Amino acid sequence: MQIKEIQTPGEIASTYSVLKQIYEDLKEENFVENIQEIMSQGYRMAGVFENKTCIGVIGIRIIHKLQFGKILEIEDFMIDRNKRGVGVGKMLIRWVDWQAMHYHCDHIIGNLATKRQESQKIFAREKFILEGFLFKK
């Protein structure tokens with residue numbers, strides 16, 4: 001397994017099958033263009049690859065929040081359901097830790113849907129603390 005930052009259109013396209021597992025309404029026809037657009041606004045991705053196949057993805061953004069200061073926010077986090085339990089989540093979180101340190105972030109924050117129990121276990125294992133709720137309207 002190898003982790004790398006996602007940058008090229010081909011690398012972006014390789015993440016689709018993993019992200020489709022959490023975002024059921026994700027459309028493949030404009031996926032690369034949509035990711036490139038949010039990358040132009042500061043979004044970054046890393047993927048874990050096994051034999052050139054993406055098996056885990058994390059998307060981040062460095063932002064400032066009044067309450068927390070400079071933070072690294074995890075926006076997307078998914079491990080292929082067939083590849084769980086082999087250390088992919090740990091690799092992705094280590095990449096996030098390194099990015100937060102590199103950019104001198106005060107905190108790392110992640111938002112997860114309540115139904116994403118496997119990802120919640122990874123966050124808990126990695127010493128994330130539940131601090132609130134995300135409301136959507």
Side-chain angles (χ1 to χ4, degrees):
M1 291 187 298
Q2 174 189 5
I3 190 165
K4 64 185 283 187
E5 186 162 350
I6 305 297
Q7 296 177 326
T8 69
E11 291 167 347
I12 294 169
S14 74
T15 67
Y16 175 79
S17 63
V18 176
L19 290 171
K20 177 73 173 163
Q21 293 178 36
I22 54 171
Y23 303 128
E24 293 142 5
D25 295 333
L26 199 60
K27 303 290 184 235
E28 191 169 12
E29 60 269 5
N30 57 359
F31 176 72
V32 172
E33 293 79 16
N34 288 343
I35 296 294
Q36 288 175 317
E37 173 64 26
I38 61 174
M39 282 180 160
S40 74
Q41 300 166 16
Y43 179 81
R44 297 176 50 218
M45 297 174 85
V48 174
F49 292 83
E50 182 178 68
N51 301 323
K52 298 186 180 184
T53 300
C54 184
I55 60 173
V57 180
I58 199 155
I60 65 166
R61 193 181 305 265
I62 308 295
I63 61 174
H64 292 265
K65 292 214 176 216
L66 185 60
Q67 180 181 5
F68 298 112
K70 186 176 185 181
I71 64 166
L72 183 150
E73 184 173 30
I74 299 171
E75 292 189 16
D76 303 297
F77 180 49
M78 182 63 191
I79 300 160
D80 186 302
R81 290 187 174 110
N82 298 316
K83 296 294 182 175
R84 291 185 176 159
V86 298
V88 177
K90 188 174 286 295
M91 289 176 73
L92 293 168
I93 295 296
R94 292 297 160 267
W95 182 81
V96 165
D97 289 340
W98 184 83
Q99 295 297 313
M101 185 178 65
H102 178 75
Y103 288 101
H104 307 287
C105 295
D106 299 313
H107 299 282
I108 300 170
I109 294 176
N111 290 316
L112 290 172
T114 53
K115 66 182 177 181
R116 306 238 0 255
Q117 295 176 351
E118 293 300 318
S119 294
Q120 291 171 31
K121 289 177 188 175
I122 294 170
F123 275 45
R125 181 188 71 220
E126 296 298 324
K127 309 291 188 248
F128 283 78
I129 300 165
L130 181 61
E131 280 217 359
F133 298 97
L134 173 69
F135 292 93
K136 179 178 102 173
K137 184 175 179 180

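Here the structure is a predicted model, which is why all the values come from computation and not from measurement. All residue numbers refer to positions in the sequence shown, counting from 1.
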Inset, instruction - With rounding to the nearest 0.5 Å, note down the distance linking CD1 in Ile74 to CD1 in Ile93. - result: 4.5 Å
Legend entry - Shortest non-hydrogen contact from Gly47 toward Cys54: CA-SG, 4.5 Å
Inset, instruction - Report whether Tyr103 and Phe68 are members of the same hydrophobic cluster (ILVMFWY, side-chain heavy atoms less than 4.5 Å apart, transitive linking). - result: no
Inset, instruction - Treating Ile, Leu, Val, Met, Phe, Trp and Tyr as nodes and any side-chain heavy-atom pair under 4.5 angstrom as an edge, say whether Ile22 and Val57 lie in one connected cluster. - result: yes
Inset, instruction - Determine whether Val18 and Tyr23 fall in the same hydrophobic cluster, where Ile, Leu, Val, Met, Phe, Trp and Tyr are linked whenever their side-chain heavy atoms lie under 4.5 Å apart. - result: yes
Legend entry - Side-chain heavy atoms of Met45 within contact of Tyr43, under 4.5 Å: yes
Legend entry - Partners passing salt bridge (charged side-chain N to carboxylate O under 4.0 Å, His left out) against Glu75 (at least two apart in sequence or in another chain): Arg61
Inset, instruction - Determine, using the 4.5 Å side-chain heavy-atom cutoff (strictly less than), whether Trp95 and Ile63 are members of one ILVMFWY cluster. - result: no
Legend entry - Pairing residues for Phe49 by the ring-ring contact (aromatic ring centres under 6.0 Å, His included) criterion, not counting sequence neighbours: none
Inset, instruction - For Glu73, check salt bridge (charged side-chain N to carboxylate O under 4.0 Å, His left out) against everything at least two apart and list the hits. - result: none
Legend entry - Test item: Gln21 side-chain N/O and Met78 main-chain N/O as donor-acceptor pair under 3.5 Å: no
Inset, instruction - To the nearest 0.5 Å, tell me how far Thr8 OG1 sits from Gln36 CD. - result: 9.0 Å
Inset, instruction - Calculate, to the nearest 0.5 Å, the distance between atoms OG1 and CD1 belonging to Thr15 and Ile35 respectively. - result: 6.0 Å
Legend entry - Asp80 (side chain) donor-acceptor with Asn82 (main chain) under 3.5 angstrom: yes
Legend entry - Exercise: identify the closest heavy-atom pair between Ile6 and Met39: O-CE, 3.3 Å
Inset, instruction - Please tell me if the side chains of Val96 and Phe77 come closer than 4.5 Å, counting only heavy atoms from C-beta onward. - result: no
Inset, instruction - Give, for atom CG of Leu92 and atom CD1 of Ile3, the distance between the pair rounded to the nearest 0.5 Å. - result: 4.5 Å
Inset, instruction - Quick one: list whatever passes side chain to side chain contact (heavy atoms under 4.5 Å, CB included) with Met1, sequence neighbours left out. - result: Val48, Glu50, Ile55, Val86, Val88, Met91
Inset, instruction - Report, as yes or no, whether the 6.0 Å neighbourhood of atom NZ on Lys65 holds more than 12 heavy atoms from other residues, nucleotides or ligands. - result: no
Inset, instruction - Spell out, as yes or no, whether a donor-acceptor pair under 3.5 Å connects the side chain of Lys20 to the backbone of Leu26. - result: yes
Legend entry - Which residues share a salt bridge (charged side-chain N to carboxylate O under 4.0 Å, His left out) with Asp106, sequence neighbours left out: none
Legend entry - Interatomic spacing from CD1 in Ile79 to CD1 in Ile58 - rounded to 0.5 Å: 8.5 Å
Legend entry - Same cluster (ILVMFWY, side-chain, under 4.5 Å), Tyr16 and Ile12: yes
Legend entry - Euclidean distance, Asn34 CG relative to Lys27 NZ, rounded to 0.5 Å: 11.5 Å
Inset, instruction - Would you please name every residue forming a salt bridge (charged side-chain N to carboxylate O under 4.0 Å, His left out) with Lys4, sequence neighbours left out? - result: Glu11
